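Have a look at the structure below before the remarks.
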Amino acid sequence: MFKNYFKIAIRSLWKNRTFTALNVVGLTVAFGVALLLGMFAVFQLSFDRFHEQGDTIYKVYSEDSGPYGIEANTSKSEPFAAALRDEVTGVEKITRYSGSGVLLTYQDKQLGMGTAYVDPDFFDMFSFPIVKGDTKNPITSESSVAMTEQAAKRIFGDENPIGQTVTILRDEVEVPFNVTAIVEDFPGHKFYRF
């Protein structure tokens, strides 16, 4: 009985070859797109999953009108962080993040590095494990710098980086920074890079 149903289905499909081919191609493309969208969603949801308080951390966006319509923007003016903390209930800690590339100098080495300027609450909010240096508050002043193990190895080699001074070219002026902490290299996918 099933053999007859199978034969009838094959004959019907063979009789309408064009529609059969279109249906097979359409279904294949649809399943392929659904699979790719699912993989993309899983990839996007995997970012920064290692932070202990990740479910209580929020990123503030603003909508700006531009020549191509409304665009989401994360840049804020300097007094925004203090105003948000003081005027909005429920905001316990806040940090600003400004990532960029800089020219770093240590002794006779000059290296292009990815950096981020952050507020002191950054390490209280995010769970970046500190392996050397000040584990309580690694950013104690404007001249403090914390770096990853990979960056420390690249700059200092086998030397102890804690307490060393590096200079960063900022606004065409070399500014000295004191290394106060070494952060473990980041696990998995992460949004914040420095």
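From a predicted model like this one, the values you see are computed outputs, not experimental measurements.
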How far does [atom1] of [X] sit from [atom2] of [Y], to the nearest 0.5 angstrom?
{"X": "Thr165", "Y": "Phe177", "atom1": "OG1", "atom2": "CZ", "answer": "11.0 Å"}
{"X": "Phe156", "Y": "Met147", "atom1": "CZ", "atom2": "CE", "answer": "4.5 Å"}
{"X": "Met113", "Y": "Thr148", "atom1": "CE", "atom2": "OG1", "answer": "6.5 Å"}
{"X": "Leu104", "Y": "Leu111", "atom1": "CG", "atom2": "CG", "answer": "6.0 Å"}
{"X": "Ser65", "Y": "Ile70", "atom1": "OG", "atom2": "CD1", "answer": "5.0 Å"}

Smallest separation among heavy atoms of [X] and [Y], with atom names:
{"X": "Ala146", "Y": "Val183", "result": "CB-CG2, 4.2 Å"}
{"X": "Pro176", "Y": "Ser143", "result": "O-CB, 3.9 Å"}
{"X": "Lys132", "Y": "Pro161", "result": "NZ-CD, 4.4 Å"}

(message) Quick one: does any side-chain atom of Lys109 pair with a main-chain N or O of Ile155 as donor and acceptor, under 3.5 Å?
(response)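 Side chain of Lys109 to backbone of Ile155, a donor-acceptor pair under 3.5 Å: yes, one is there.
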Under 3.5 Å: donor-acceptor pair, side chain of Arg11, backbone of Ile8: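 Not confirmed, Arg11 side chain does not pair with Ile8 backbone.
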| query | Would a 4.5 Å heavy-atom cut-off, applied to side chains only, mark Ile182 and Ile162 as touching? | reply |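 Yes, close enough: below the 4.5 Å cut-off.
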Verify the cluster assignment for Val88 and Ile94: are they in a single hydrophobic cluster under the rule of side-chain heavy atoms below 4.5 Å apart?
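Cluster IDs for Val88 and Ile94 match.
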Among Val102, Val175, Leu103, which one satisfies side-chain contact (heavy atoms from CB on, under 4.5 Å) with Leu169?
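Testing Leu169 for a side-chain contact (heavy atoms from CB on, under 4.5 Å) against Val102, Val175, Leu103 leaves exactly one candidate, Leu103.
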N/O donor-acceptor pairs under 3.5 Å from side chains in residues 19-32, not counting sequence neighbours:
from	atom 1	to	atom 2	distance (Å)
Thr20	OG1	Leu13	O	3.0
Thr20	OG1	Asn16	O	2.8
Asn23	ND2	Phe19	O	3.2
Thr28	OG1	Val24	O	2.7

> Are more than 12 heavy atoms from other residues, nucleotides or ligands located less than 6.0 Å from atom CD1 of Ile10?
Replying inline: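 Yes, because the 6.0 Å sphere around CD1 of Ile10 holds more than 12 heavy atoms from other groups.
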Item to check | Residue Gln107 excluded, over 12 heavy atoms near CD under 6.0 Å | outcome: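 Enclosed: over 12 neighbouring heavy atoms sit under 6.0 Å from CD of Gln107.
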Practice problem: Step by step, work out the side chain to side chain contact (heavy atoms under 4.5 Å, CB included) result for Thr105 and Glu174. | Solution: CA-CA 9 Å; Thr105 306; Glu174 287 192 344; 4.1 Å; yes
What residues, two or more places apart in sequence or in another chain, satisfy salt bridge (charged side-chain N to carboxylate O under 4.0 Å, His left out) together with Arg85?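 In terms of salt bridge (charged side-chain N to carboxylate O under 4.0 Å, His left out), with neighbours along the sequence ignored, Arg85 is linked to Asp121.
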**Asked** Between Tyr117 and Glu142, does any side-chain donor sit less than 3.5 Å from a side-chain acceptor?
**Response**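 No - no donor-acceptor pair under 3.5 Å links their side chains.
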